[in-house]
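Only one structure is covered here, and it is reproduced in the block below.
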Amino acid sequence: MFMLIPLNGDDTQESTITSIEGRKTMAKIEFEGHEVTEVTFIDDIESELAGGIDYLIVDNPDQEIDLYFEYDVEVLQCMPNATIDDIMEGFLFRTLREVS
């Protein structure tokens, strides 16, 4: 499965989620079951969406997310300033809120 997360930096341990518009980078997280298998930073979001992304994680649902819905990406909301580890924990324990 694949997840996109807008981040304020490119440090996988220290960077936190930020707005889509204000991001420094977009992280593509590949995971199987309960384990992250790869983290890559992407530039061409539409290309990744066309290739298949399952989830977009946002910290605020009041952002431009219509493009993601066009590609049938499920949008989930997490708490502000969450790290990748925080987000994965929330995903696994189903504490992320679905945005529709």
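In this chain, numbering begins with 1 at the start of the sequence shown.
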Item to check | Thr16/Asp86 under side-chain contact (heavy atoms from CB on, under 4.5 Å): CA gap, chis, key distance, verdict | outcome: CA-CA 9 Å; Thr16 60; Asp86 295 335; over 6 Å; no

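- Taking 4.5 Å as the limit, some side-chain heavy atom of Met3 sits within range of a side-chain heavy atom of Ile87.
- Residues Tyr71 and Ile65 fall within the same hydrophobic cluster, defined by Ile, Leu, Val, Met, Phe, Trp and Tyr side chains chained together at heavy-atom separations under 4.5 Å.
- Heavy atoms only, all atoms of each residue included: Phe69 and Val73 are closest at CD2-O, 3.9 Å.
- At distances below 3.5 Å, at least one donor-acceptor pair connects side-chain atoms of Gln63 with backbone N or O atoms of Ile20.
- Note: the hydrophobic cluster containing Ile5 also contains Tyr55 (ILVMFWY, side chain heavy atoms under 4.5 Å, direct or indirect links).
- At a threshold of 4.5 Å between side-chain heavy atoms, the hydrophobic network of Ile, Leu, Val, Met, Phe, Trp and Tyr places Val75 and Ile84 in two separate groups.
- The side-chain contact (heavy atoms from CB on, under 4.5 Å) with Tyr68 is formed by just one residue from the set Leu56, Val58, Ile53; it is Leu56.
- Using a 4.5 Å heavy-atom threshold, the side chains of Ile17 and Cys78 count as touching.
- Without hydrogens or angle criteria, Asn8 side chain to Ser15 main chain gives no donor-acceptor distance under 3.5 Å.
- Under a cut-off of 6.0 angstrom, the local environment of CD in Glu64 is sparse, with at most 12 non-hydrogen atoms contributed by other residues, nucleotides or ligands.
- Nearest heavy atom pair, residue Asp59 against residue Met79, reads CB-O, 4.4 Å.
- Looking at heavy atoms from C-beta onward, Ile57 lies out of side-chain contact with Leu4 at the 4.5 angstrom threshold.
- When all heavy atoms are compared, the tightest approach of Ser19 to Pro6 is O-CB, 3.8 Å.
- No side-chain heavy atom of Asp85 sits under 4.5 Å from any side-chain heavy atom of Thr12.
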What side-chain donor-acceptor pairs closer than 3.5 Å can you find for residues 89-100, not counting sequence neighbours?
unit_1	atom_1	unit_2	atom_2	d
Thr95	OG1	Gly90	O	3.4
Arg97	NH1	Gln77	OE1	2.5

For a quick test of your reading: what N or O donor-acceptor pairs under 3.5 Å do the side chains of residues 24-43 make, sequence neighbours left out?
unit_1	atom_1	unit_2	atom_2	d
Lys28	NZ	Glu48	OE1	2.7
Thr37	OG1	Glu30	O	3.1

